[in-house]
Asks: 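Here it is: the structure, laid out below.
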Amino acid sequence: MPRAIRPALAALCFALLPASPVLQAEEDAAAPKETAPAVERAPLEERSQEEASNLARQLPAREQQQIKAGEESFLVLWQPANVSEPSGLVILLPGEGESADWPEAIGPLRRKLPDSGWSTLSVTLPDPSGDPPPPRPLKTGEPSKAEPAVSPEKAEEEGPANTEQAGSAEPDTDPAPPPLSRDAIQKTQTERVFARIDAALAFARQQNPGAIVLLGHGTGAYWATQYLTANEPKDVRNLLLVAAELPTGYEPALEDSLPALKLATGDFYYKDQPTDRDAALRRLHASKRQKHPAYIQIAMKGLPADRRTEQEQLIRRIRGWLSLHLEADASKAPSKAASGPSI
């Protein structure tokens, strides 16, 4: 080979060689790294929304109505009365943790009362108020098989791989939003519940019922009482409570707010449950002190071994109250109404 060609060939060989690992590392460190865009996670769905979605898949479409309360849409279950001239419409408010078709009280009443001439509208209430659900955990950079974890001893010897990169991360100085107070949480929950009752009443009025009755089961009885106390709708003159409960942390107690309503009120409770019985006794004493003219208590026997018979008993008692005390005039109610029968 001629000597003149050798320098050119050597230069070509050097140009084709791969870059030095040291030089390559320096170039990679100098190149700006693209940060992955932050992924916004959708908020967790409320339990009540999940149950409403399940009911929407299980129940006939003709029973379902989606109505709006402010910016929220929610499911109500509508059952028209199975007679040519309905007696009225009963709005059903389930308790905490219950759906609009709950197997205790709410579901049986919404399906059976239409056979007795009463339309029913069962409402999905929002989840109980409390602390917001915890955020979904973000995926952390776990070591993979291709990048084995470095032991603390080795990391100490090696030091940071790139001091410039290690010092570039700035701590997040944005303050976390302060937690909501209990009063603020309860105020928001009350507004949400009241908005849904408002929407249910608007739907009920469109059906032109002869009478509207508000019935609450468990904590739904508390919300029915508080709504009527705060709003006093003139076309709701009857209130039914079934196994009434006070939501944890809420005020006032039912015995403090119920007697002031002066509506025709049926208070159904299970006498073999000590807690229910004691709470019912406090409500009865309060109604006597306030001289409530149309408050009636009905004691029932719980049948935990025979839930079907227990629900049939409740349906009979509710149906009987509706037929005997519908639109009872407070001033014309019998004086013995406050003591109430024990059935």
Asks: Does any non-hydrogen side-chain atom of Asn238 lie less than 4.5 Å from one of Leu263?
Replies: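 Contact flag for Leu263/Asn238 side chains = no.
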Asks: Answer yes if Phe203 and Ile197 sit in the same cluster of Ile, Leu, Val, Met, Phe, Trp and Tyr residues linked by side chain heavy atoms under 4.5 Å apart, and no otherwise.
Replies: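 Both belong to a single hydrophobic cluster.
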Asks: Is it true that a side-chain atom of Gln297 and a backbone atom of Phe268 form a donor plus acceptor pair closer than 3.5 Å?
Replies: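 No; judged by distance alone, with no hydrogens or angles, the pair does not exist.
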Asks: Under the salt bridge (Lys or Arg N to Asp or Glu O under 4.0 Å) rule, collect the residues that match up with Arg316, sequence neighbours excluded.
Replies: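 Here no residue qualifies.
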Asks: Any donor-acceptor pair under 3.5 Å linking the side chain of Thr265 with the backbone of Tyr295?
Replies: no
Asks: Checking Ala224 now: which residues fulfil side-chain contact (heavy atoms from CB on, under 4.5 Å) with it, not counting sequence neighbours?
Replies: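 With sequence neighbours excluded, Ala224 shows a side-chain contact (heavy atoms from CB on, under 4.5 Å) to Leu93, Leu214, Leu239, given in chain and number order.
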Asks: Could you tell me which residues satisfy salt bridge (Lys or Arg N to Asp or Glu O under 4.0 Å) with Arg205, sequence neighbours excluded, listed by chain and number?
Replies: Asp235
Asks: Tell me yes or no: between the side chains of Thr190 and Gln226, is some donor less than 3.5 Å from an acceptor?
Replies: no
Asks: Name all residues meeting the side-chain contact (heavy atoms from CB on, under 4.5 Å) criterion together with Asn54; count only those two or more places apart in sequence or in a different chain, and write none if there are none.
Replies: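 Per chain and number, Asn54 pairs via side-chain contact (heavy atoms from CB on, under 4.5 Å) with Arg57, Gln58.
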Asks: Please list, chain by chain and in numerical order, all residues satisfying side-chain hydrogen bond (donor to acceptor under 3.5 Å, both in side chains) with Asp256, sequence neighbours excluded.
Replies: none
Asks: Tell me, which pairs form a salt bridge (charged side-chain N to carboxylate O under 4.0 Å, His left out) where one or both residues lie in residues 72-84, sequence neighbours left out?
Replies: Glu72-Arg192, Glu72-Arg196
Asks: Show me the donor-acceptor pairs, under 3.5 Å and distance only, between side chains in residues 74-85 and residues at least two apart or in other chains.
Replies:
residue: Asn82; atom: ND2; partner: Asp115; partner atom: OD1; Å: 2.7

Asks: Listed by chain and number, what are the side-chain hydrogen bond (donor to acceptor under 3.5 Å, both in side chains) partners of Glu98, not counting sequence neighbours?
Replies: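 Testing Glu98 for side-chain hydrogen bond (donor to acceptor under 3.5 Å, both in side chains), a comparison that skips the adjacent residues, returns His217.
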Asks: Tabulate below the donor-acceptor pairs under 3.5 Å that side-chain atoms of residues 272-281 make, not counting sequence neighbours, or state none.
Replies:
residue: Asp272; atom: OD1; partner: Gly302; partner atom: N; Å: 3.2
residue: Asp272; atom: OD2; partner: Gly302; partner atom: N; Å: 3.1
residue: Arg277; atom: NH1; partner: Lys271; partner atom: O; Å: 2.6

Asks: Under 4.5 Å between any side-chain heavy atoms of Tyr227 and Val193, yes or no?
Replies: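 Heavy-atom side-chain distance check fails, nothing below 4.5 Å.
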Asks: Only counting residues at least two apart or in another chain, list the ones meeting salt bridge (Lys or Arg N to Asp or Glu O under 4.0 Å) with Asp101.
Replies: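 Checked Asp101 against salt bridge (Lys or Arg N to Asp or Glu O under 4.0 Å); matches are Arg110, Arg111.
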Asks: Tell me whether Ile315 is reachable from Val213 by hopping between hydrophobic residues (I, L, V, M, F, W, Y) whose side-chain heavy atoms are closer than 4.5 Å.
Replies: yes
Asks: Do any N or O atoms from the side chain of Gln186 and from the backbone of Gly249 form a donor-acceptor pair under 3.5 angstrom?
Replies: yes
Asks: Considering residues at least two apart in sequence or located in another chain, which fulfil the salt bridge (Lys or Arg N to Asp or Glu O under 4.0 Å) criterion with Glu310?
Replies: Arg307
Asks: Only counting residues at least two apart or in another chain, list the ones meeting side-chain contact (heavy atoms from CB on, under 4.5 Å) with Ser48.
Replies: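 Applying side-chain contact (heavy atoms from CB on, under 4.5 Å) to Ser48 gives Glu46, Thr124, Asp127.
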